[in-house]
Amino acid sequence: MKRNIVGLIYTGERVEELRELTRLRAVAAVPMLGRYRMIDFVLSNMIHSHIRNIGIITQKNYHSLMDHLGSGREWDLHGKRSGMTILPPYMNKDNVGVYEGMLDALRSNINFLRRSTERYIAISDSHVLYKLRYDKMLEKHLEMGADMTLLYSRERSVRRNGAGRYLDIADDGTVFQIECDPTIPHYPNTYLSTFLLRRELLIDLVDRAVSSGYHHFTRELLMQMLREKNYKICGYECPGNVWVVDSVQSYFDTNMDFLDQQNREMIFDTSAPVLTKLRDEMPARYAKGAHVSNSLIADGCVIEGTVENSILFRGVKVKPGAVIRNAIIMQDTAVYHDAELDNCILDKEVIVRDHSRLIGPKGYPIVVGKNLTI
Amino acid sequence: MKRNIVGLIYTGERVEELRELTRLRAVAAVPMLGRYRMIDFVLSNMIHSHIRNIGIITQKNYHSLMDHLGSGREWDLHGKRSGMTILPPYMNKDNVGVYEGMLDALRSNINFLRRSTERYIAISDSHVLYKLRYDKMLEKHLEMGADMTLLYSRERSVRRNGAGRYLDIADDGTVFQIECDPTIPHYPNTYLSTFLLRRELLIDLVDRAVSSGYHHFTRELLMQMLREKNYKICGYECPGNVWVVDSVQSYFDTNMDFLDQQNREMIFDTSAPVLTKLRDEMPARYAKGAHVSNSLIADGCVIEGTVENSILFRGVKVKPGAVIRNAIIMQDTAVYHDAELDNCILDKEVIVRDHSRLIGPKGYPIVVGKNLTI
Amino acid sequence: MIRKKTCVAMLLAGGQGSRLGVLTRHTAKPAVPFGGKYRIIDFPLSNCSNSGIDTVGVLTQWQPLELNAYIGSGSPWDLDLNSGGVYVLPPYQGGPEAEWYMGTANAIYQNLPFLEQYDPDYVLILSGDHIYKMDYADMLQHHINNEADITIAVRPVPWEEASRFGIMNTDELGNIIEFEEKPKNPKSNKASMGIYIFNYKRLRELLIADEANPNSNKDFGKDIIPTMLAAGDKMVAYNFTAYWKDVGTIESLWDANMDLLTVPPPVNLQDRSWRIYARNIGMPPHFTAASGSVENSLITEGCIIRGTVKDSVLSAGVVIEEGAVVEGSVIMPATRIGKNARVIRSIVSENAVIGEGAVVGAAEGDIAVIGTNTVLPEGATVAAGEQVGQ
Amino acid sequence: MIRKKTCVAMLLAGGQGSRLGVLTRHTAKPAVPFGGKYRIIDFPLSNCSNSGIDTVGVLTQWQPLELNAYIGSGSPWDLDLNSGGVYVLPPYQGGPEAEWYMGTANAIYQNLPFLEQYDPDYVLILSGDHIYKMDYADMLQHHINNEADITIAVRPVPWEEASRFGIMNTDELGNIIEFEEKPKNPKSNKASMGIYIFNYKRLRELLIADEANPNSNKDFGKDIIPTMLAAGDKMVAYNFTAYWKDVGTIESLWDANMDLLTVPPPVNLQDRSWRIYARNIGMPPHFTAASGSVENSLITEGCIIRGTVKDSVLSAGVVIEEGAVVEGSVIMPATRIGKNARVIRSIVSENAVIGEGAVVGAAEGDIAVIGTNTVLPEGATVAAGEQVGQ
């Protein structure tokens, strides 16, 4: 009941491997699972943890993100007293700027941290997908007497050679070590770029780090804290599956994983729905002769052709004779008569002309950018 | 009932003569009359004319304006279908840009004009204050069979030597001529930078003007239209008083004019209130020994001293012994014991220390910038 | 906070709506689900919003909880306003009368103080059981242009069916000169749609007078309109020819759902200039499994289709298990159709469970109906036209 | 659209509130103006919002229109939510009972289906006639920590007045072991504030049982609490020592307004961490004319002061004409005090007009009251303690 956590979402990740998908948008704004954007998952987690004061740190290319979030109404974050605060670089400089790293962003927005009244702060990146109750994480944090708690997962699917951060954690939950972007990770615990601590402590840490000339939270500040051992830093294992969206392939795989009912049930728990921007579409319409199998279909779709093992976003049109297999088709894209798509990702408002064929090689889905005609 | 007008407010005026008052804010965001900002007046006029789709063209320094407007809730403009659209230069360029003039802004936002569905468009600057029903102006526009209708006033107080635009209007209401920034105005009708026409016609005009290399709507496009005489351009006289806020002195005088009840009754008609952002302040508190005379006092003020012929914005504190005369004191400014102010304008959050005296010469009010201590 | 309004809409949400049987035992009629992701009230509310009528009173006294929760702050229809908005209006004490509503006219009469707040020039009276898209602003303009006291929306019905309707006989200028309830020999085929625009002052007079009349049924059709005809009021017909469907009976509710499956549908729900808004409950896209098969149907968010669906309309969160067959049916939110069950030409209400192998409805005969929260046991049979529910 | 809630608040808005006389003849008690720019209900609603309780039912059947319009979408209190929000709950047909509310417990009983929608763990019961700032989240934490079935907020009253209150006798651990309504020889000075937190499951049981008891008054204080004491429920007192004022009588409503004029006021309305929100009607700053004089008073938007105001609280849009004197009075919205009129120790309700030279109230004796919309003729006199109104 007590609202004692302020949330902060960092959307400034540079995820080059997402290529065309993030050319015009932040990772946080990448469309997911038929009707969502990446940020919806972390935002909904916060809402269901009774967090009602949420800051969102944005970088360049945040217009589609702003457009998606609007006034925050869909997340009940449109209040006067609390709600959503967009923290773009431009608030502090004359022009649109760029944060060097999370620490830079925290320093620039130190006033947001100071003005908030909640005792604790939970900070998360936006390229990681999981179901989490931050209030439960706080309970554990308090129980452990921790100064800072880091979220991690033991799941193998999120380990990457040459990338990511991995934690060495003692049996009692204390974090000993962190390795950043190791060629081959030594430790079995993938750090999920999500942590929780007292708000006042974070302000102190940021102040100190800035005077040390640091820019990066994990690679510089956190590593130093682990070396100095002045603080008790604990790990909290994320319950359930987690996904990291950091490349076209992992984007594709993550989406496809949700053709599995267990994954859907875990993330789309009806008592804690994933909230997103509404479109007031009518239900999907299946015509006579439609064939759909093992697919997620959003509202507003009109299906007259064949769809297999695919995810169709809102308002996708599939004309008679068209065949879509193993594909992710984003909002308002139209696939015309007798076209064939396999193993590909079509961004928003693409037009696939009659008889076009686009067959991606296994493991390397083809990406077609927004608004193109093929 | 029929919502057939889209509104467009241009907030890009450069009004150098407002000096410190517009250093950090657009004219549209200049605080007025104790609890308003300039844009509230034109916005409220549009609301009471049943306009529900309003675009706001912003320039640099629009953050205080954005903060003021929020999601548009206070003006009932927070809907999904219609509402308020902020049109900043950054939507079109990588960085915060600048519109050369209104025409430039219209061209950059031609998509807003195209997407709107209303048949007519009313366009207004934000540095002019008046009460107007745009729907009545449209009625007259239709009755006259006009292609474009320009709003004007015969009031002498808004005439300026060397500045402003003045119209030569025939007895039948047709506009013959316009003069821009004349040394001494020839025509008695001051153009109020507000006009109305068919939306499709405006799109055509903008298209044509751009191909002619024009930047300025009035000085270039409108003048040419008047020369060519291909369009019927009519005048519509603004009913009631009008004010132009284009210098520190006119800002001061405009505010002071509202110590007059007739002016207040005209603008603050209770059936069509001026809508503004709310602050949830408590009522003003007069202490024992307070002396207030001929002044407008906003909520949240605490008055223990003397206030005469002045306007106090929300949350102003006047300590015992302090004397305020002929002054405009903005939000959250505090005037401490035995301080004396006469003929001055204090911006927001100014602190006037015990025994300070600030006496402006008649006709040249002193302006004290935001956040200063004197 | 309240400003004068040109026109305020009053939506008569009705009483128990017994013609809808088990479907309205636990909910008000306007809250009945329709067309997969709508409720009936979405149509008049969206029409109001799209017509620029931003003040709506919803008059109800029967099971308002679900309707209340559905309407909420009014934000789905852009009706969460500082000035105006949507209000659910039940009877209350201290008003003109502290009684349950008796008749349509009495319901408005009891809420005259609500109207008074907005000092409207015109009042639009609507019903909560019609599916249609209509620009009330256009009707209002017609009313104003004709300087009418009342304007009644009428639509042409087939001559052979005219004797089943309230028929408006008009002169060549569109003035209503006679009103016949279910005439044996109809002189016109213009049927009243139950949509009225009144001049507020006149409406007020009429309601106060009618209330004082002990012989009145306090009904618009039976009392107010005949009184106006007798009094020589200016009464004008407003012709409406687009799609309109009364969904006050099981049969017509089923029909109207099936209408959405024709190509093109007679009422376009995808028209972006006249959207039908609905409160969205935030479920993921629906999933059609490898074992699923869907043809000629509307399926919405949260559904899981493992069986066969044909010629049907499914609301949010419906689950069709393997081997189940749903044909020509309307399945309302969160209902589960068990394995190998067959649901034919039926309406299954919210949150019901059809047991494995159960059979509901038949290819011939009347529509079968399963009520809200009903659990139909394994292997049970519900015949065509039968209604099962608490 | 509805999600489980930890705690739902139910605000008993009461019946006619006859103790407030003419002030509540046309409006529900919680809608009565207070403190210049508030209405009484702003206090519990703001407390809920500030405490993170985002689902509030307001139970009323008396003159709900003004209250309804005032609450609107709930946005002033950040209660215009997709999940939760504020709902006005009148009696209805088709529920547990189709009757006007009889007693506080019956009102909640009739709305069990409303509560059921949110499946709450706890229910907070509030009254609509108290002025105070209270963190209900803290009280709830107290309830949870004590594993109580019910927690009752209590405040200390002077011992000599304790026999006028419902007194809770507690053991050293804060458990309530006895409840005495207006005891002659009080054993404690802890008075119930009429604010309860119940475990929902237990509340539900109790209400259903109480409803079946023909001898019950269906009241929390008279029936439910004694039943719980007898049944051995875990009942805990929550001590509250900050400002709290029942404003259910003319005298106490006047007192509470006057309390705001003491320096510092006992209830701080400027505390930015616990704001009291109100619906704002959008008027310009108030104007004090050269002929006006104001001391020790609260004045809000839209007022015009041409006369003398002392020790008074004025609501929005009040006009005090030249020569008029207002002293020790509460003037509600849009009321006009005519030239040379004198209003002393009075409450003048909304939209009234006090004629030129009229005299209302006196420096001694009870508070005089002028009702809503009342026009007091020129030169009229209203004695101390007198009430005038329609």
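A note on names: the letters A, B, ... follow the listed sequences, proteins ahead of strands, and every chain is numbered from 1.
No side-chain donor from either of C/Asn50 and C/Asp135 sits under 3.5 Å from a side-chain acceptor of the other. In this structure, a donor-acceptor pair under 3.5 Å is absent between the side chains of C/Tyr132 and C/Asp246.
Using a 4.5 Å cut-off between heavy atoms, A/Ile311 does not touch chain C at all. For A/Arg314, no part lies near chain C; criterion is any non-hydrogen pair under 4.5 Å. Looking at C/Val263, only its side chain comes within 4.5 Å of chain A, counting heavy atoms on both sides. With a threshold of 4.5 angstrom between heavy atoms, A/Val274 approaches chain C through N, CA, C or O but not through any side-chain atom. Interface remark: C/Asp42 contributes no atoms to any contact with chain A (heavy atom separation under 4.5 Å). Residue contact with chain C, scored on non-hydrogen atoms closer than 4.5 Å, involves the backbone and the side chain of A/Ala290 alike. At a 4.5 Å heavy-atom cutoff, the contact between C/Ala290 and chain A is made by backbone and side-chain atoms alike. Heavy atoms closer than 4.5 Å to chain C are found nowhere in A/Phe258, neither backbone nor side chain. In this structure, the portion of A/Leu278 lying under 4.5 Å from any heavy atom of chain C is its side chain and not its backbone. Residue A/Glu281 touches chain C through both its backbone and its side chain, counting heavy-atom pairs closer than 4.5 Å. Of the two parts of C/Ile305, neither the backbone nor the side chain holds a non-hydrogen atom closer than 4.5 Å to a non-hydrogen atom of chain A.
Between C/Phe43 and C/Phe34, the distance from one ring center to the other falls under 6.0 angstrom. In this structure, C/Phe287 has its ring center no closer than 6.0 Å to that of A/Phe268.
Applying side-chain contact (heavy atoms from CB on, under 4.5 Å) to C/Ile347 and the options C/Ile370, C/Leu253, C/Asn257 leaves one that passes, C/Leu253.
Taking chain A as the reference chain and counting heavy-atom pairs below 4.5 Å, the highest number among C/Arg306, C/Lys37, C/Arg272 is found for C/Lys37. Put simply, of A/Pro273, A/Cys301, A/Ala287, A/Ala284, the one with the most heavy-atom pairs under 4.5 Å next to chain C is A/Ala284. Each of C/Thr300, C/Thr288, C/Leu261 has some count of heavy-atom pairs under 4.5 Å with chain A, and the biggest count is that of C/Thr288. Interface remark: of the candidates C/Asn296, C/Leu269, C/Val313, C/Asn296 forms the most heavy-atom pairs closer than 4.5 Å to chain A. Counting heavy-atom pairs closer than 4.5 Å to chain C, the top residue among A/Glu74, A/Lys288, A/His291 is A/Lys288. Chain A forms more heavy-atom pairs under 4.5 Å with one residue of C/Ser297, C/Gly282, C/Gly36 than with any other, namely C/Ser297. Interface summary for chain C: among A/Gly289, A/Gly315, A/Ser295, the most heavy-atom pairs under 4.5 angstrom belong to A/Ser295.
A/Tyr286 and C/His286 have tilted rings, their planes meeting at an angle from 30° to 60° on a 0 to 90° scale.
The two residues C/Gly128 and C/Ile40 come nearest to each other via the heavy atoms O-CG2, 3.1 Å. A pairwise comparison of heavy atoms in A/Tyr130 and A/Ile267 identifies C-CD1, 4.0 Å as the closest pair.
Within the 3.5 Å criterion, the main-chain N or O of A/Val350 finds no donor-acceptor partner in the side chain of A/Thr373. Between the A/Ser310 side chain and the A/Glu308 main chain, a donor and an acceptor come within less than 3.5 Å of each other.
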### Task
Before giving the answer on side chain to side chain contact (heavy atoms under 4.5 Å, CB included), spell out for C/Ile304 and A/Gln261 the whole-Å C-alpha distance, their side-chain angles and the decisive distance to 0.1 Å.
CA-CA 10 Å; C/Ile304 298 174; A/Gln261 193 187 346; 4.3 Å; yes

